Amino acid sequence: MDKAYDHNSSEDTIYESWERSGEMTANAQSKKPPFVIPLPPPNVTGQLHLGHAAMLAIEDIMIRYKRMTGHEVLWIPGTDHAAIATENVVLKHLGMQNREEMSREEFLEECKKFAQEKHDRIVHQVKKMGAWLDWGREAYTFDEARHEAVNAMFKKLYEDELIVRGHRMINWSVGAQSVLSDDEVEYREVEGSLYHYKYFLADNSGEYLEVATTRPETIFGDTAVALHPKDKRAKKLIGKKVLVPFTERKVPIITDEHVDPKFGTATLKVTPAHDPNDFEIGERHSLPKIQVIDFDGTMRACEQVPQKFHGVTREHCRAELVKSSKYFVKKKSHTHNIGFCYRSETVVEPMLSPQWFVSVEKEFLDPKTNKKTTLKKLTQEAVREKHVKIIPQRFEKTYFQWIDNLRDWCISRQIWWGHRIPVWYDKAGNIHLPREQKFIFARHGQTENGAKEICQFPDDSLNEEGRKQAQELADFLKKKKNVTKIISSPLPRAKEMAEIVAKKLNLSVEILEELQEFDAGDLCGKPRIPETPTTERALQENTGESFQSLLKRAETCWQELQKRESDGAILVVGHRTIFAAMEASKKDKTKERFLAERRKIHDMNFGIWKEISLLQTPKDKNLRQDKDTLDTWFSSALWPFSTLGWPEKTADGEKFYPNDVLETGWDILFFWVARMVMFGRYATGEYPFHTVYLHGLVCDEKGQKMSKSKGNGIDPIEVIDEYGADAVRLSLVVGTSPGNPIPLGKGKISGYRNFVNKLWNAGRFVKMQMEASGTIEINGKPQIMNLDNYNHYNASPADQWIIAKFGKVVEAVNKKLQSYDISSAGDLIYHFIWDDFCNWYIEATKKFESNTDTLISIFRDILKLSHPLCPFVTETLWKELSRHNELLIEQIFPKREDYQLEAEYEENALASFEVVQKIVTKIRTIKSTAKKQTSIPIHINWGEGNLIKKHHEKQYEELIKKFGEVKLDLNLARANTDTTMITFDDGITVTIGLSVIKIHEKEKSELKNQIQTLRARLQNKGYTEKAPKKLVDQTKKELLEAEEKLKKLKS
RNA sequence: GAGCGAUUAGCUCAGCUGGCUAGAGCGCCUGCUUGACUCGCAGGAGGUCAGAGGUUCAAAUCCUCUAUCGCUCACCA
């Protein structure tokens, strides 16, 4: 073992060993209680930042802890296609101004390529952090499987009339060339100007109203000028008309409550097409709405806009309008808030446009309660009725504030990179939704070779049992399902089955070549090996069809199936491996995914595999699909269940939904968390998780936000390389609290790097002791900690103490982790390992011949206890100290019961050793103050009846002697001319053969102060009468002791 | 404008439903150290708990106000 822990040489190897073990895969059939966290999918736009690192650390700790305490854990990894963000980055990347410079298909191809690269990098970074994720279930918000979920959700909402198309005021991002939801607009304070204009009365009187605006370019869209109803001018002016500056169009003067008489000129120009408030006024007064700014940010070529401005940018137009003219009065500086697009950082223009909205206040019948409700209500009830708990709790208020003000959610986007809205229009503009087609997938029946566990040849046919199975299937389908079409693989065993069913149902069989089974080549006819499916071997040894060919075939097969339609269900008769390949083709299309899917259906029986309802493109060629795509948060909102197979009923869904904890940064509470709550409850009837844990923003050590411009940013991968992933994890987790900023600097990280190294070296010491005592296996030692064993066990004072102390720590750590207080758990572990275990216990074992069993056992459990927080170093040590292949995470987390000694015994063990620590520390202080390094004589008077006297004071004296580096010698101690006498609790007195005036004086004054305080407290009648008796007694006792000590000091 | 949070050692922060002499990490000072660890060991200095008032026998902790800082939401042209 190296003298210092080298994280670089171990971390990657350790992670690979976790992956290879297969233990990261969750088992949906497990009887253990589930614990599920959906990983907030990072955007595929970039790379991991420290916020992600904090998220990974926190969630990984939860997962590992739950796993070690007997849960079937599932932590699903994934990435988000991040519609607008990605599209922006790709545009920039390609040096394009506008996506229209490319065809839709080409552009999407570019996005795909970009996303793939970023994805691979993100996955690598996630692994670097040590995250215990189930990679076999990795998902992507934009893969085929999630697309099916998105379409199903859209359809469900549409059919419940919760999705509507409306011509409303929306936020238009000129930069992103798309509409945004209200939440995607960021308001920023901007130093702008207020421009005043003359609106002349249309009666040629030369009189005018002075109107102030921050956006002169919208003047052309004015359709009224409004005054407050109580405005003195109103009586005279109402019913009259004014001329819109520059174009002299006549518009009415109206009154409306919205006008603030105290603001500006108290006269408001009304532009219903370009301002949400004006829109409302327009509605109230039935004003026309004139759009004068185009979606590209230029002035629109319409009759209300003077010709010379057609196609001119709005900035340019404004510059022209503020030049001195007949209408322009003045400019005043004015700070106000302007909306910016949260992704493209450009100004958001309020516009009128037809878009798709989710109606949050529209009533629908909730099947779960059979009552009418709204999406808004369901979302509110989640927290109000405590179905969902938010940590820290104060965010519940923020949550309500958001929902209470929630308006309909605009979900359509004009960008290309995203789920296309599953709506088609005919020539008359009627709306058509995707068609629903039921499919029943079934596996062929048994063959002779199959029964003998021999890999089947392509032309194997059914045996008698197989034909029986086919009959059974046929009977079942005839009775229970409305099958109207049958498609089969061309291989005899499937075709035969299909034909038997077809005969019964009076149908014909369509052969689909692509459905045929994977050909294992030379392995056909060879016996199956239970551990390695033949398919895996065939791919490995390259004996038959290649993976590329299989995948390609599966993709074509799936596409073909999607084209089939029938009134009833379509029966698809095929094989295990092609089915698995089809599943893989709907997800990330990797070989790993395929193998994982293949393993999942390894035990599949003959007959029905699954039934699905597929949403298909309408057949009518004249229909046109909506050009828009869905808000990226629409697909994210489905994450907790779309990752588990929804809308299909799957084993994963049964076992792992609802999820348990949703952990993320508070900045996406509204964007994501609230919407998952809303959609989860709506789609599944269950809230998607019971706990929301929100971490804070990672900032630098000074509490400043990390940013590129400040140059205080830290790249997680860089610091992982420098200090190790464990150190980075610890520094992101310990000393933080949920919802508050997470301060991080290299100083902090290096502090935890030091801790990791301390742990490593403790392990090194333990290994030496193991070697010396001939122990080869850290996990081989019997449990010595239960009371029965303990009584037979010759435990030294230090052994007793560390066992008792560890029991307390184990209890506290479990308690903290159960309440997700990771920081406190980390703190407890840190101090136990460093202060108690290393600085006292190991030191004690070095000074005495100790029982190595205690050392080894405690250390073994220290590794388990700290594994969730620092998995790499603990796993490395675990491997170093053992000879088996079990992983640390497979061990059971230390429990209080393992260290439960008799209470009195335990308290004595703790208290006695603490007396030793106190005495030793005092002696050390005295020696240090006196600058005395050599051994000094002391004498200990144990007094009567105290704890240590009851035990074996000789052993304790030995401890003090060695720790304090003193001689135990009464005569020598007394022989010194001056001695220092110190009194400890329980009447223990230590005489030190050394005079230290300073110490003496300090001791005295401290005691005097204490006595004064205590006396004052006891003289207070209110205290002695009202405070709990226990406290008063304690105060009295303390006073007596202090007085006693002082007396002895003086003598 | 409304809401939320913060203010404790030089720095970054713990301190739960009030009750031991207010703690930790880093930094600082003084020593030490040839086998677990200089990514170390031992010891030390350093705090009127932002300010004012109140409740209480008792307040860093609960309440009110003030000040400063941070965040969120809403916005008037």
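Protein chains get the first letters and strands the later ones, always in sequence-line order, with residue 1 at the start of each. Values in this document were obtained by computation on a predicted structure and should not be read as measured data.
Distances shorter than 4.0 Å separate some side-chain N or O of A:H336 from OP1 or OP2 on B:A77. The shortest distance between the side-chain N/O atoms of A:W834 and the OP1/OP2 oxygens of B:C41 is below 4.0 Å. Considering only side-chain N and O atoms, A:K758 lies nowhere under 4.0 angstrom from the phosphate OP1 or OP2 of B:C37. Side-chain nitrogen and oxygen atoms of A:N754 include none within less than 4.0 Å of the OP1 or OP2 phosphate oxygen of B:C37. Taking side-chain N and O atoms only, A:H334 has a distance below 4.0 Å to OP1 or OP2 of B:A77. In this structure, A:S928 does not reach the B:U30 phosphate: none of its side-chain N or O atoms is under 4.0 Å from OP1 or OP2. Here A:N761 does not reach the OP1 or OP2 of B:C39: none of its side-chain N or O atoms lies under 4.0 Å away. A close approach under 4.0 Å does not occur between any side-chain nitrogen or oxygen of A:T265 and OP1 or OP2 of B:A77. Between A:R764 and the phosphate of B:C37, there is a side-chain N or O to OP1/OP2 separation shorter than 4.0 Å. In terms of phosphate contacts, A:R1017 brings a side-chain nitrogen or oxygen within less than 4.0 Å of OP1 or OP2 of B:U21.
Both A:K816 and A:G747 lie close to RNA chain B; mapped to their nearest nucleotides by heavy-atom distance, the more 5′-ward contact belongs to A:K816. Between A:T736 and A:M768, the one whose closest nucleotide on RNA chain B sits nearer the 5' end is A:T736.
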Can you check ring-ring contact (aromatic ring centres under 6.0 Å, His included) on A:Y830 and A:Y752, steps first, answer last? CA-CA 9 Å; A:Y830 180 99; A:Y752 286 105; 5.7 Å; yes
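Nearest to the side-chain atoms of A:F263 among the listed nucleotides B:C76, B:C73, B:G43 stands B:C76. Here the side chain of A:Y1023 is nearest to one of B:G19, B:A77, B:C37, namely B:G19. Residue A:N277 has its side chain nearest to B:C76 when only B:C73, B:G25, B:C76 are considered. Closest to the side chain of A:Q1034, out of B:C37, B:C4, B:C20, is B:C20. With B:G43, B:A36, B:G19 as the choices, the nucleotide that has an atom nearest any side-chain atom of A:E843 turns out to be B:A36. Side-chain proximity of A:T925 to B:C20, B:C39, B:G43: nearest is B:G43. Nearest nucleotide to the side chain of A:W666, out of B:G19, B:U72, B:A36: B:U72. Set against B:C41, B:C4, B:A14, the side chain of A:N839 has B:C41 as its closest nucleotide. Among the nucleotides B:U30, B:G19, B:G25, the one closest to any side-chain atom of A:K931 is B:U30.
Base pairing of B:G47 is not made with any nucleotide, judged by Watson-Crick or G-U wobble geometry with both donor-acceptor distances under 3.5 Å. Pair assignment for B:U12 gives B:A24, based on Watson-Crick or G-U wobble hydrogen-bonding distances that are each under 3.5 Å. Nucleotide B:A36 forms no Watson-Crick or G-U wobble pair with any nucleotide shown, as no partner meets the under 3.5 Å limit on both distances. Base pairing annotation: B:U55 forms no Watson-Crick or G-U wobble pair, as no partner gives both donor-acceptor distances under 3.5 Å. In a base pair of the Watson-Crick type (N1 to N3 plus N6-O4 or O6-N4) or a G-U wobble (N1-O2 and O6-N3), with each distance short of 3.5 Å, B:A42 is matched with B:U30. Shown here, B:U68 forms a base pair with B:A6; the pair counts as Watson-Crick or G-U wobble because both key distances fall under 3.5 Å. The partner of B:C73 is B:G1, judged by Watson-Crick or G-U wobble contacts that both fall below 3.5 Å.
One can place CD1 of A:I403 at 15 Å from P of B:C73, the figure rounded to the nearest angstrom. Atom CG in A:L732 sits roughly 15 Å away from atom P in B:C13 (whole-Å rounding). The nearest whole Å value for the distance from the CG atom in A:L669 to the P atom in B:C71 is 18 Å. When rounded to the nearest whole Å, the span between CD of A:E1025 and P of B:C57 equals 10 Å. Across the protein-nucleic acid pair, A:F671 atom CZ and B:C73 atom C1' stand 13 Å apart, rounded to whole Å.
Between A:M351 and A:M169, every side-chain heavy-atom pair lies at or beyond the 4.5 Å cut-off. Contact annotation: the side chain of A:F395 never approaches that of A:V383 to less than 4.5 Å [non-hydrogen atoms, C-beta and beyond].
In summary, A:K289 and A:E283 engage in a salt bridge, as defined by a charged side-chain N under 4.0 Å from a carboxylate O.
A side-chain donor from one of A:E184 and A:Y342 sits under 3.5 Å from a side-chain acceptor of the other. Using modelled atom types, one finds no donor on one side chain facing an acceptor on the other under 3.5 Å when comparing A:S731 with A:Y723.
Side chain A:K3 to base B:C37: no donor-acceptor pair is found below 3.5 Å. The base of B:A36 sits within donor-acceptor range of the side chain of A:K846, with an N or O pair under 3.5 Å.
A:V211 comes within contact range of no nucleotide atom at all, as no heavy-atom separation falls under 4.0 Å. Residue A:A266 is in base contact, counting any heavy-atom pair closer than 4.0 Å across all strands shown. Nucleic acid contact class of A:I842 (heavy atoms, under 4.0 Å, all strands): base.
For the salt bridge (charged side-chain N to carboxylate O under 4.0 Å, His left out) test, residues two or more places apart in sequence or in another chain that qualify with A:R314 are A:E349.
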